[in-house]
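Chain naming here is simple, since letters A, B, ... match the order of the sequence lines and numbering starts at 1 in each. Small disclaimer: the values here were computed from a predicted structure and weren't measured.
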Amino acid sequence: MEQKEILSLKRTATNIRKGILKATCSAGSGHPGGSLSITDIMTYLYFKEMNIDPKDPQNPDRDRFIMSKGHCAPVLYSTLAERGFFPKEDLITLRKTSSYLEGHPNMKSTPGVDMSTGSLAQGLSTAIGMALAGKIDNKNYRVFVGMGDGELEEGLVWEAAMAAAHYKLDNLICFVDYNGLQIDGKITEVMNPEPIADKFIAFGWYVQSIDAHDFEQIEKAVENAKKQKGKPNMIVAHSTKGKGVSFMENQAGWHGVAPKPDECERGLAELDAYLASLDKEEQ
Amino acid sequence: MAGNIATRAAYGEALAEFGADERIVVLDADLSKSTKTDVFQKKYPDRHFNMGIAEANMMCTAAGLASCGKIVFASSFAIFAAGRAFEMVRNSICYPEFNVKIGATHAGISVGEDGASHQMIEDIALMRSIPNMSVISPCDAASARFAVKAAIEKQGPVYLRFGRLAVPQIYDKNATFEFGKGVQLKEGSDVSIIANGLMVQYALEAAKILEEQNISARVIDIHTIKPIDRDIIIKAAKETGCIVTAEEHTVVGGFGSAVAEVVCSEYPVPVKMVGIEDQFGKSGNPYELLELYGLTAKNIAAKAIEAMQML
């Protein structure tokens with residue numbers, strides 16, 4: 001990947017992060033921590049990889065993305081808005097009674113949302129159906145899924161993992177946002193889902209491990225996944241919860257707590273400073 | 001009894017009959033020989049998928065398929081389809097309003113010998129409580145065939161309730177039905193018996209028992225529990241003055257409750273309910289169990305008289 005493209009993706013990701021802060025701050029609730037940790041993956045998928053058109057969000061041949069950890073709606077909405085599915089100004093209506101931006105993704109109300117999610121593990125499971133439909137109809141679209149590491153504690157994940165391998169759904173590419181934290185603390189202390197990669201290997205998946213904040217690694221893993229035949233793909237993406245906002249990084253407390261206005265300002269200032277540094281780097 | 005057909009058998013036959021539609025995909029959870037989706041599988045093997053003993057995943061997979069334009073029948077025993085996978089049905093199927101049809105067999109106490117763990121007597125209550133969901137509970141082969149056809153034609157999620165036990169034919173093979181419309185099987189003026197599923201045959205028998213006592217009982221089959229036929233219920237309340245409901249299901253929140261909701265808000269008259277009285281079933285011969293839990297013509301007739309005495 002060229003340096004210029006990396007800078008462009010970093011800039012987009014930073015703008016998406018700003019949207020996450022503004023939306024959750026305005027809502028007074030929501031989930032910024034896990035939204036910030038999966039932002040770079042979302043940026044890569046929506047701005048480099050996926051075959052999508054904001055003007056034709058229902059195209060049957062499009063690639064799909066399912067936010068299986070539906071509480072990370074803020075990053076999904078901010079990404080979709082940044083990509084042009086709806087106005088960025090609307091992000092601050094998140095969770096409001098009159099808004100089309102539900103606390104958890106609602107495909108019926110929000111353009112670009114491919115599946116309603118919120119109840120953990122169901123997103124991965126619905127992705128099986130989408131991928132299977134693609135196989136039945138001989139279509140070339142791919143189904144991407146964003147999952148949480150805590151989400152792996154749900155039993156349904158493993159029902160789905162079995163089915164995806166059984167039906168050889170190589171058109172399925174999943175990411176586990178492996179930030180190591182869930183609401184009650186460290187995943188290894190609450191209910192240890194590790195070893196994550198080994199579990200999916202045992203279930204018959206093609207598994208890769210990457211740094212979730214390195215665009216070149218994301219690209220390499222996705223390109224590699226697209227070449228695999230006969231196995232579903234899992235990309236275990238080691239990430240930092242709250243990535244990009246210093247006081248939110250690696251804090252379980254920011255899983256489901258919105259920044260207060262002064263905290264939001266501090267976070268936005270950090271992100272703006274980062275944008276300025278990217279400009280400098282480009283020059 | 002000779003000539004009796006289980007509604008689950010009619011379900012499998014109907015899936016195969018209407019299965020030419022390329023949009024139809026059938027999922028099963030390792031019970032295809034019991035749910036009878038194997039009949040469809042033999043005819044259309046490329047559109048039948050066994051999802052293994054994993055009902056929760058089956059329901060969400062059905063939702064994903066439906067999001068890509070498929071009409072999906074997802075089948076299992078009612079206890080697993082409506083019970084184990086309830087939240088998947090609610091959040092992944094009904095909330096996005098997908099074209100998923102849940103073919104739930106082995107509903108009710110007439111499952112028999114398998115006992116309480118497999119006797120689903122709460123599914124009507126659970127399924128009818130979910131927004132966007134339609135519920136059909138046919139009483140025989142002809143109405144089961146209609147239920148499948150109606151489910152294909154109806155946009156959105158539908159719960160289809162079928163039984164294990166072979167039951168007599170109430171309707172002619174060529175009878176016509178309308179989604180959301182009840183059927184008056186017998187005219188009557190003193191009391192109305194409103195039934196569904198397996199209880200329809202006993203409602204007709206109860207009317208005969210009452211006739212011997214000079215009581216004229218109207219008998220209505222309500223196959224579509226949701227949306228329920230409000231008109232036929234209100235008309236029955238007005239014209240006969242009291243009602244007995246009969247269902248192979250708990251009386252808590254089920255079909256009787258659905259009828260009572262209409263009656264008490266539109267035209268309050270006494271409503272007595274025949275159903276399972278807030279208790280679990282047990283193992284046994286299906287007919288003996290129906291007797292044990294009061295799901296009989298005799299009990300319906302007795303409740304009819306009680307309802308009339310309240311006037």
Colleague: Name, in order of residue number, those residues of residues 104-114 of chain B that have a heavy atom at a distance of less than 4.5 Å from a heavy atom in chain A; otherwise write 'none'.
Modeller: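 Hits under 4.5 Å: none found.
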Colleague: How close do B/Cys60 and A/Leu156 get, counting heavy atoms only, and between which atoms?
Modeller: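 Scanning both residues completely, I find the closest heavy atoms to be SG-CD2, 4.2 Å.
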Colleague: Give the atom names and distances for all donor-acceptor pairs closer than 3.5 Å across chain B and chain A.
Modeller:
unit_1: B/Asn50; atom_1: N; unit_2: A/Tyr167; atom_2: OH; d: 3.2
unit_1: B/Asn50; atom_1: O; unit_2: A/Tyr167; atom_2: OH; d: 2.8
unit_1: B/Asn57; atom_1: N; unit_2: A/Glu159; atom_2: OE1; d: 2.9
unit_1: B/Asn57; atom_1: O; unit_2: A/Ser125; atom_2: OG; d: 3.4
unit_1: B/Asn57; atom_1: OD1; unit_2: A/Ser125; atom_2: OG; d: 2.4
unit_1: B/Lys70; atom_1: NZ; unit_2: A/Asp137; atom_2: OD1; d: 2.6
unit_1: B/Lys70; atom_1: NZ; unit_2: A/Asp137; atom_2: OD2; d: 3.1
unit_1: B/Glu87; atom_1: OE1; unit_2: A/Ser119; atom_2: OG; d: 3.0
unit_1: B/Glu87; atom_1: OE1; unit_2: A/Gln122; atom_2: NE2; d: 2.7
unit_1: B/Glu87; atom_1: OE2; unit_2: A/Ser119; atom_2: OG; d: 2.5
unit_1: B/Ser92; atom_1: OG; unit_2: A/Gln122; atom_2: OE1; d: 2.6
unit_1: B/Tyr95; atom_1: OH; unit_2: A/Asn106; atom_2: ND2; d: 3.2
unit_1: B/Glu97; atom_1: OE1; unit_2: A/Lys108; atom_2: NZ; d: 2.5

Colleague: Which bit of B/Ala62 is near chain A, if near means a heavy-atom gap under 4.5 Å: side chain, backbone, both or neither?
Modeller: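 Neither part.
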Colleague: Taking ring-ring contact (aromatic ring centres under 6.0 Å, His included) as the test, write out the residues that go with B/Phe255, two or more places apart.
Modeller: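 Testing B/Phe255 for ring-ring contact (aromatic ring centres under 6.0 Å, His included), a comparison that skips the adjacent residues, returns none.
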Colleague: Mind checking whether A/Leu132 and B/Val25 have side chains closer than 4.5 Å, heavy atoms only?
Modeller: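 No; the side chains remain at least 4.5 Å from each other.
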Colleague: Measure A/Ala160 against the heavy atoms of chain B and call it side chain, backbone, both or neither at under 4.5 Å.
Modeller: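 Both the backbone and the side chain of A/Ala160 come within 4.5 Å of chain B.
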Colleague: Only counting residues at least two apart or in another chain, list the ones meeting ring-ring contact (aromatic ring centres under 6.0 Å, His included) with B/Phe80.
Modeller: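 By the ring-ring contact (aromatic ring centres under 6.0 Å, His included) rule, B/Phe80 matches B/His118.
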Colleague: Which atoms of B/Phe49 come close to chain A, meaning under 4.5 Å heavy atom to heavy atom: side chain ones, backbone ones, both, or neither?
Modeller: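 Contact with chain A is through both the backbone and side chain of B/Phe49.
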Colleague: Can you tell me if B/Ile53 has over 12 outside heavy atoms packed within less than 6.0 Å of its CD1?
Modeller: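 Result for CD1/B/Ile53: open.
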